[in-house]
Amino acid sequence: MLAVLAVLGLLAFGLLSKGSSGIALGEAAPTSPLPRLEGGGSGSLADYRGRWVLVNFWASWCIPCREEAPALERFQRRHGGGGFTVLGIDSRDLSGDGRAFVRRYGLSYPQLRDGDGATAHDFGTTGVPENYLLDPRGRLRLLVRGPVSEEYLAGEVAPLLSGGGS
Amino acid sequence: MLWVGLALILTVLDPAGTRAATPQTSLSEVSSEVMCPVCGTLLELAESPQAQREKAFVSRLVGEGRSKEQIKDALVAEYGTEVLALPQGSGFDLSAYLVPVIAFLVAVVALALGVLRWRRAGQRSDRADPSPAAGPSPEDSERLDADLARYDL
């Protein structure tokens with residue numbers, strides 16, 4: 001009986017320690033620090049408070065990520081600055097492959113690394129790519145599971161940035 | 001002088017780099033002990049694009065002469081400890097090793113206690129119930145004789 005209770009207790013602990021994940025629209029995004037993909041050091045979403053941030057989860061082995069990367073880069077060049085940035089999070093990927101991806105597509109926006117996928121889990125991602133638009137208070141305003149197109153960025157994201165929308 | 005010349009020739013033909021790159025393990029050996037983090041299966045069973053990249057990474061390190069443990073350490077540095085197929089000997093994963101041992105010990109103790117209790121119960125019943133008397137009591141004998149007499153055997 002004691003052994004059964006011990007096993008049940010451990011199972012319950014395991015389930016609880018895994019916890020639930022995911023953020024809903026209007027909720028604050030996780031701000032755990034992550035290592036930067038290039039250049040060393042770490043960064044966090046908290047560093048971007050006061051700016052709109054389009055968080056893009058990607059991986060170098062993901063084919064749709066290759067297709068959306070140029071659109072994200074063009075959007076960053078057009079709208080990036082004091083009030084907005086795209087923030088790439090390379091998830092469950094080899095760091096060398098990730099850096100090669102950034103160079104190949106000439107991505108100029110900041111990149112963090114989520115090797116074990118813990119941050120992707122906290123956001124509630126179901127795969128890559130996924131895109132989360134956070135307002136200047138760090139709350140989720142838009143969520144796209146899958147790649148974003150230039151049309152989507154221009155039609156859905158850009159008006160929020162220009163309108164202030166927070 | 002001849003030996004020095006030979007050593008120089010060997011060094012040129014077989015540089016230290018290639019000698020150090022003698023494989024110490026293999027892709028199949030490593031991939032049976034690590035996971036494909038995206039697929040959630042053993043790397044040796046996975047065929048996803050991420051698994052292909054991971055296998056290429058392991059093959060490269062095998063080619064560089066790294067040991068299995070060194071390669072697993074490199075994978076942990078990239079993907080975290082969840083890339084390891086076997087539970088770790090610390091934290092919650094430690095329970096995977098401890099629970100079977102504790103359950104076995106508890107079962108052994110329970111069995112030993114049960115046997116002891118059973119043996120003591122047997123001894124008590126032996127003392128409480130002395131061996132049966134050599135024959136029936138006088139009253140029983142009289143009643144038996146009366147019964148037998150009624151049947152006129």
Side-chain angles (χ1 to χ4, degrees), chain A residues 1-19 21 32-38 40 57-67 89-101 104 112-122 125-130, chain B residues 30-31 34-41 43 46-61 64 71-85 87-88 90-114:
Chain A
M1 189 63 183
L2 189 65
V4 172
L5 283 175
V7 170
L8 286 175
L10 283 168
L11 281 174
F13 172 76
L15 287 172
L16 288 173
S17 62
K18 293 279 180 190
S21 69
S32 315
L34 289 170
R36 295 190 188 284
L37 182 61
E38 293 181 289
F57 284 93
W58 63 275
S60 63
W61 43 264
C62 150
I63 293 167
C65 302
R66 298 174 200 165
E67 291 165 358
I89 299 185
D90 183 20
S91 185
R92 292 190 179 107
D93 197 7
L94 292 164
S95 50
D97 291 351
R99 285 190 286 271
F101 183 96
R104 179 178 174 186
L112 301 177
R113 185 173 144 61
D114 180 32
D116 62 2
T119 297
H121 177 265
D122 290 344
T125 64
T126 57
V128 280
E130 287 196 8
Chain B
V30 176
S31 61
V34 299
M35 304 290 289
C36 163
V38 173
C39 333
T41 62
L43 182 60
E47 291 298 333
S48 68
Q50 188 271 326
Q52 297 299 335
R53 293 286 186 91
E54 192 179 341
K55 284 177 183 175
F57 178 73
V58 171
S59 294
R60 184 166 58 79
L61 296 185
E64 288 175 6
I71 295 172
K72 285 162 83 171
D73 288 346
L75 286 169
V76 167
E78 292 286 346
Y79 296 114
T81 54
E82 291 197 1
V83 77
L84 300 176
Q88 295 294 285
S90 61
F92 178 73
D93 287 352
L94 187 60
S95 61
Y97 297 107
L98 287 181
V99 167
V101 174
I102 291 170
F104 176 74
L105 290 176
V106 168
V108 166
V109 169
L111 190 66
L113 287 174

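A note on names: the letters A, B, ... follow the listed sequences, proteins ahead of strands, and every chain is numbered from 1. Bear in mind that the values here come from a model prediction, so they are computed numbers and not experimental data.
Options A:Ser95, A:Gly127, A:Ala118 differ in how many heavy-atom pairs under 4.5 Å they form with chain B, and the most are formed by A:Ser95. Most heavy-atom pairs under 4.5 Å with chain B, from the set A:Cys62, A:Gly96, A:Gly115: that is A:Gly115. Looking only at heavy-atom pairs under 4.5 Å with chain B, the residue among A:Ser91, A:Ala59, A:Ser60 that has the most is A:Ser60.
A:Glu38 pairs by the side chain to side chain donor-acceptor pair (under 3.5 Å) definition with nothing, not counting sequence neighbours. Every residue was checked against the side chain to side chain donor-acceptor pair (under 3.5 Å) condition with A:Thr125, not counting sequence neighbours, and none meets it.
With rounding to the nearest 0.5 Å, the separation of CH2 in A:Trp61 from CD in B:Gln50 is 6.0 Å. Summarising the geometry, atom CG belonging to A:Asp97 is positioned 8.0 Å from atom CD belonging to B:Glu78; distances are rounded to the nearest 0.5 Å.
With a threshold of 4.5 angstrom between heavy atoms, B:Ala77 approaches chain A through N, CA, C or O but not through any side-chain atom.
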- [ ] Applying side chain to side chain contact (heavy atoms under 4.5 Å, CB included), run through A:Asp116 and B:Tyr79 and close with a yes or a no.
- [x] CA-CA 4 Å; A:Asp116 62 2; B:Tyr79 296 114; 5.7 Å; no
